[in-house]
Each structure stands twice: as C-alpha cells, then as structure tokens.
Novice: 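First, the structure itself, so that you have it in front of you.
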There are 2 protein chains.
Amino acid sequence: MADPSPSAARAGFPVSRQVLADHVYEALLEWLMDGRLEPGAAVSIDGMARELDVSPTPVREALARLEHTGMVRRVALKGYRVAPVFTREDFAELMEARLSIEPVNARLACSRMTPDGLDALKQAVEDLKTAPRGGSFAEYRSYLEADERFHQLIAAQASNQFLLAAYNTLGGQIQRFRLFGGVGITDAEQAIAEHQAVLDAMIGGDPEKAAAMMVDHVEKVRGRAMADAPED
Amino acid sequence: MADPSPSAARAGFPVSRQVLADHVYEALLEWLMDGRLEPGAAVSIDGMARELDVSPTPVREALARLEHTGMVRRVALKGYRVAPVFTREDFAELMEARLSIEPVNARLACSRMTPDGLDALKQAVEDLKTAPRGGSFAEYRSYLEADERFHQLIAAQASNQFLLAAYNTLGGQIQRFRLFGGVGITDAEQAIAEHQAVLDAMIGGDPEKAAAMMVDHVEKVRGRAMADAPED
DNA sequence: CTGCCGGCGTTCCTATAGGATTTGAGCCAT
DNA sequence: ATGGCTCAAATCCTATAGGAACGCCGGCAG
C-alpha cells in the first residue's frame with residue numbers, strides 16, 4: 001500500500017493484536033456515521049478496497065460483520081448497500097424495542113452500579129451540557145456521542161452480556177437515526193433534563209425510579225421525533 | 001481443487017441465489033448445534049476449508065458472521081474457538097435477558113397475531129406434545145426444535161424487526177444451552193403445559209395474560225434448570 | 001536435572017488472478 | 001419511435017500463493 005499510515009498500526013504496535021479487517025471495519029463504521037456513505041448507496045467491495053488501499057478480502061470480512069449490525073444489507077451476487085433511511089414505522093419499532101430493553105438496563109444498572117460507572121455517567125451528562133450544539137453539523141457530533149455514551153454506559157453497568165449485546169445492536173441504529181432522521185437538535189434542554197433525572201435516580205439508588213425515568217425519556221424522545229418529522 | 005464435487009452445489013442449483021459462504025455458515029451452525037464442534041474447541045479456518053472442500057475465504061466470511069452471534073469467539077492472529085460452555089452466571093444472565101424481551105414479544109404478538117401465525121403456533125405446541133423424547137440424544141432434536149420454533153414464531157409475530165433481531169441473538173444461545181447445558185429433558189410435561197398456557201392466552205386474545213404466562217414460563221425454566229444443574 | 005534456544009510445522013492473514021454473473025448501453029428489427 | 005437483443009464493462013465470488021507469527025519439540029549449556 002502506498003500510504004504507510006495504516007500499516008503503522010501493525011509495525012509500530014506489534015502487541016496491538018489488531019488486523020486489517022478491524023481497521024476497515026472502523027473506517028466503514030465512521031464513514032457510515034459521517035454520512036460519507038449515504039443511505040441506499042452501493043458499497044462496492046472492490047471500490048472500498050481501492051479507496052482504503054487494501055485487498056478486497058479484509059473489506060469482505062468487515063462488511064460481513066457490519067451486515068449483522070443492520071447498517072448495511074447484502075443481496076447475494078449483487079453486493080452490499082447502505083441500509084435505507086428509517087421510515088416512520090421503522091422508527092416506531094425502534095422506540096418500542098428501546099422501551100422494552102433500556103428501562104430494564106436502567107433498573108439493573110442502578111442496582112449494580114460501581115463508583116467508576118457512576119462517575120462515567122456523571123461525566124457523560126456533563127459532556128451533554130457543555131457540548132456545543134449551535135453550529136454546524138460537525139459540532140453535533142460531540143453532543144450525539146455523549147448521548148449515545150450515556151445509554152451505552154447504562155447498558156454496560158447492567159452487567160448482563162446479553163442485554164448489552166441486545167442494546168448494542170440497537171445503539172448503532174439509534175445513532176444512525178440521530179444523524180439521518182432529518183431532525184436537528186431542537187430538544188437539547190429537555191433531553192438533558194431527562195438524562196439528568198435518570199442520573200439522579202441512579203445517584204439516589206432507586207432502581208424503580210431509574211427505570212421509570214428511562215421510560216419517560218424514551219417516550220418523550222419518541223413524541224418529539226414523531227412531532228418534528230411528520231414526513232412520511 | 002481436484003475434486004469437482006463441491007461445485008455440484010453451485011451447478012445443481014443455478015437459481016439458488018445462495019453463495020458458498022451461506023452454505024458454509026449453515027454447515028458450521030449445524031455442527032455447532034450437533035455437538036460435532038464441542039465448546040472450547042479450536043475452529044481452524046484452513047481445517048474447516050479442507051473439511052468442507054472449499055477455499056478458506058468463504059469460511060472466513062462465515063466465521064465473521066458467526067462471531068456476532070456469540071457462537072464462536074475470535075482472537076486476532078490466533079483464530080476462532082467455539083464459545084465455552086455456559087457458567088451458572090451466564091445462564092442467569094441469559095434468563096434475565098429473556099425475561100426482559102420475551103414477555104414483550106408475547107404481548108405484542110398477541111395483539112398483532114395473524115391467523116396463519118396462530119396456526120403455526122398451534123402446530124409448534126402440537127409438535128412439542130407428539131415429539132419423541134424418551135430415547136437417544138438425537139431424538140431430542142425434534143422436541144428442542146419445536147421449542148425454539150415456538151419462541152421464534154412469537155418473536156416474529158411481534159412484528160418488530162428490532163425485537164426479532166434481539167431475540168434471534170438470544171435464540172441461538174438458548175438452543176445451545178438446551179443442548180450443552182448438561183440437563184436432559186426432565187420437564188417436558190410441565191414445559192408443554194406452560195407453552196399451552198401461553199398459547200391459550202393468545203387464542204383468547206389477552207395480551208397481558210400472554211405476557212404473564214411467558215414470564216411464568218421463563219421463570220420456571222430458570223428454576224428447573226438451576227435446580228437440575230447445581231454443577232458449578 | 002533444569003532452563004534456554006533454535007528449527008520446523010501449522011495457522012492466520014493478505015494479495016492477486018481468474019471464472020461467473022449482473023447491469024447498462026448501443027444497435028437492429030418491427 | 002419502441003421493444004428486444006447483443007455485447008462489454010463492472011462487480012461479485014472463489015481459488016491459490018506467499019509472507020509473518022505462533023506453538024511445539026528436540027538439543028545443548030549450566
């Protein structure tokens with residue numbers, strides 16, 4: 001490969017234990033989240049290989065993993081395409097799924113919270129409050145990242161590998177919708193308050209209240225998004 | 001390759017719209033479920049390629065997909081291994097996850113049930129009742145298959161792609177535990193009655209009762225398994 | 001006897017080549 | 001002008017080859 005930077009990870013960190021397919025996976029994930037790969041666009045294996053200066057084999061492996069996340073869809077002998085934009089029904093289903101998983105995560109996380117986990121959660125909410133959110137699209141990223149991190153941390157603190165895996169499959173879709181749903185950040189103040197309410201319940205050590213606050217948050221997110229994006 | 005037989009799969013089904021990696025995926029899945037690949041065993045890419053008479057590339061792609069299901073684990077530059085047997089804690093976590101997802105599926109499935117779906121559910125319970133379960137291990141298979149099919153159908157009838165995906169990631173693990181958990185079929189009569197209770201609630205069109213019956217079923221499964229397998 | 005070390009096989013990992021398939025454009029007949 | 005057909009480019013899919021790392025085993029020095 002002409003660009004030495006990708007191989008630097010292997011050469012510079014012989015203990016890295018990371019292979020090319022992992023880098024390709026992360027690169028594609030980033031492009032998917034950035035919008036560089038728009039929904040519906042074809043993802044050519046050979047094309048991506050040329051773009052990333054690798055052979056098609058690692059690209060194929062990375063795409064096989066991505067398919068399982070729902071970010072890309074595969075049609076045999078036709079190739080991969082970026083998953084289409086969410087319809088209103090898709091969004092409703094996603095929120096329904098969140099409502100059945102995230103409150104459980106919140107309840108369990110509250111019961112099993114570690115001091116470090118609580119600190120991380122506090123930091124996530126703090127980042128939400130301080131993140132810039134007025135300017136261009138790129139500035140949303142830190143806000144959205146903190147949002148996703150908050151929910152991800154709760155799922156992790158629930159200390160259940162299966163619930164964590166289940167949430168992670170949703171998390172990517174949620175993040176993708178946040179970016180491509182067509183709605184900007186119009187509800188930051190309310191969303192921050194709802195996150196704070198969940199955090200307060202966690203600090204107070206009240207699992208049931210934490211679950212209830214999470215239900216409240218997700219339902220309000222759904223309500224706001226459905227109102228903001230009446231497009232169909 | 002010298003032996004032309006492997007290409008027969010392609011030549012014989014020109015309309016199959018299925019590629020080699022899909023066949024490899026299904027073959028590996030079957031071997032994992034059969035016990036031919038025991039937990040903890042190494043899954044060599046080259047070895048599987050020789051065994052299946054294909055090149056390593058499709059095997060690599062199939063394993064990349066399987067990794068996301070939790071059936072196999074990958075260590076970079078070291079290869080794939082069959083996921084280890086469930087510990088008591090793993091099983092408890094799995095049941096906890098089921099308790100947060102399957103009752104929701106049952107409630108939604110009851111509300112959105114189609115006539116065809118209901119027929120399929122009835123058939124699954126009927127198969128549970130008539131399946132042989134006294135003899136050898138191989139005879140369990142039809143019973144276990146009907147069990148898994150019952151839960152899978154409910155998840156499908158919930159008409160929520162995300163909940164279905166979430167359940168499917170659990171379903172494989174559940175099935176794997178049924179086979180390798182160390183417990184035989186000692187609770188068929190009770191389990192069938194519990195399935196019947198869920199089905200009756202569905203027939204009666206009572207979503208809340210269907211959810212409650214599902215909770216009852218999963219909790220009792222957990223109770224019986226934890227009592228039967230005190231190994232630690 | 002014990003610990004170190006160097007060769008050797010196995011395996012993973014990536015690149016490259018070639019066959020098979022789909023898609024789109026261009027041409028011809030109606 | 002339009003519908004159908006042919007051809008060619010692009011793409012997917014699989015096979016094969018080669019480089020690099022890991023684990024094992026026998027030999028040798030202390």
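Chain A is the first sequence line, chain B the second, and so forth, proteins listed ahead of strands; every chain is numbered from 1. All values below were derived from every heavy atom in this structure, side-chain atoms included, with hydrogens, water molecules and symmetry-related copies excluded.
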Novice: Specify the separation, in whole Å, of atom CD of A/Glu67 and atom C1' of D/dC12.
Specialist: 14 Å

Novice: Taking side-chain contact (heavy atoms from CB on, under 4.5 Å) as the test, write out the residues that go with A/Glu93, two or more places apart.
Specialist: B/Asn160, B/Gln161, B/Phe162

Novice: Taking only the side-chain nitrogens and oxygens of B/Ser55, find out if one of them lies under 4.0 Å from OP1 or OP2 of D/dT14.
Specialist: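 For B/Ser55, the contact criterion (side-chain N or O under 4.0 Å from OP1 or OP2 of D/dT14) is not met.
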
Novice: Within this structure, what is the CG-to-P distance between A/Leu63 and D/dT11, rounded to whole angstrom?
Specialist: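 Rounded to whole Å, this separation is 14 Å.
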
Novice: Atom CG of A/Leu20 and atom C1' of D/dG19: how far apart are they, to the nearest Å?
Specialist: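 In whole Å, D/dG19 C1' and A/Leu20 CG are 14 Å from each other.
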
Novice: Enumerate the ring-ring contact (aromatic ring centres under 6.0 Å, His included) contacts for residues 88-115 of chain B, please, sequence neighbours excluded, ordered by first and then second residue.
Specialist: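 As it turns out, the ring-ring contact (aromatic ring centres under 6.0 Å, His included) pairs with a partner in residues 88-115 of chain B, which skip direct neighbours, are B/Phe91-B/Phe177.
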
Novice: Judged by modelled atom types alone, do B/Asp127 and B/Gln123 share a side-chain donor-acceptor pair under 3.5 Å?
Specialist: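 Side-chain D/A pair, B/Asp127 to B/Gln123: present.
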
Novice: Report, one line per pair, each donor and acceptor closer than 3.5 Å where one atom sits in a side chain of residues 43-52 of chain A; sequence neighbours left out.
Specialist:
{"residue": "A/Ser44", "atom": "OG", "partner": "A/Asp46", "partner atom": "N", "Å": "3.4"}
{"residue": "A/Ser44", "atom": "OG", "partner": "A/Gly47", "partner atom": "N", "Å": "2.9"}
{"residue": "A/Glu51", "atom": "OE2", "partner": "A/Arg36", "partner atom": "NH2", "Å": "3.0"}

Novice: Between N or O atoms, less than 3.5 Å apart, protein on one side and nucleotides 10-12 of chain C on the other: list the pairs.
Specialist:
{"residue": "C/dC12", "atom": "OP1", "partner": "B/Ile45", "partner atom": "N", "Å": "2.9"}
{"residue": "C/dC12", "atom": "OP2", "partner": "B/Ile45", "partner atom": "N", "Å": "3.2"}
{"residue": "C/dC12", "atom": "OP2", "partner": "B/Asp46", "partner atom": "N", "Å": "3.2"}

Novice: Given atom CG of A/Asp53 and atom C1' of C/dT16, what is their separation to the nearest angstrom?
Specialist: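 Whole-Å distance recorded here is 15 Å.
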
Novice: Taking ring-ring contact (aromatic ring centres under 6.0 Å, His included) as the definition, give me every residue that meets it alongside A/His195, ordered by chain and number, with sequence neighbours left out.
Specialist: A/Phe150, A/His151, A/His217

Novice: Which residues pass the side chain to side chain donor-acceptor pair (under 3.5 Å) test with B/Arg81, sequence neighbours left out?
Specialist: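 Listed in chain order: nothing, the list is empty.
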
Novice: Grab the CD-C1' distance between A/Glu61 and C/dT14 for me, whole Å please.
Specialist: 11 Å

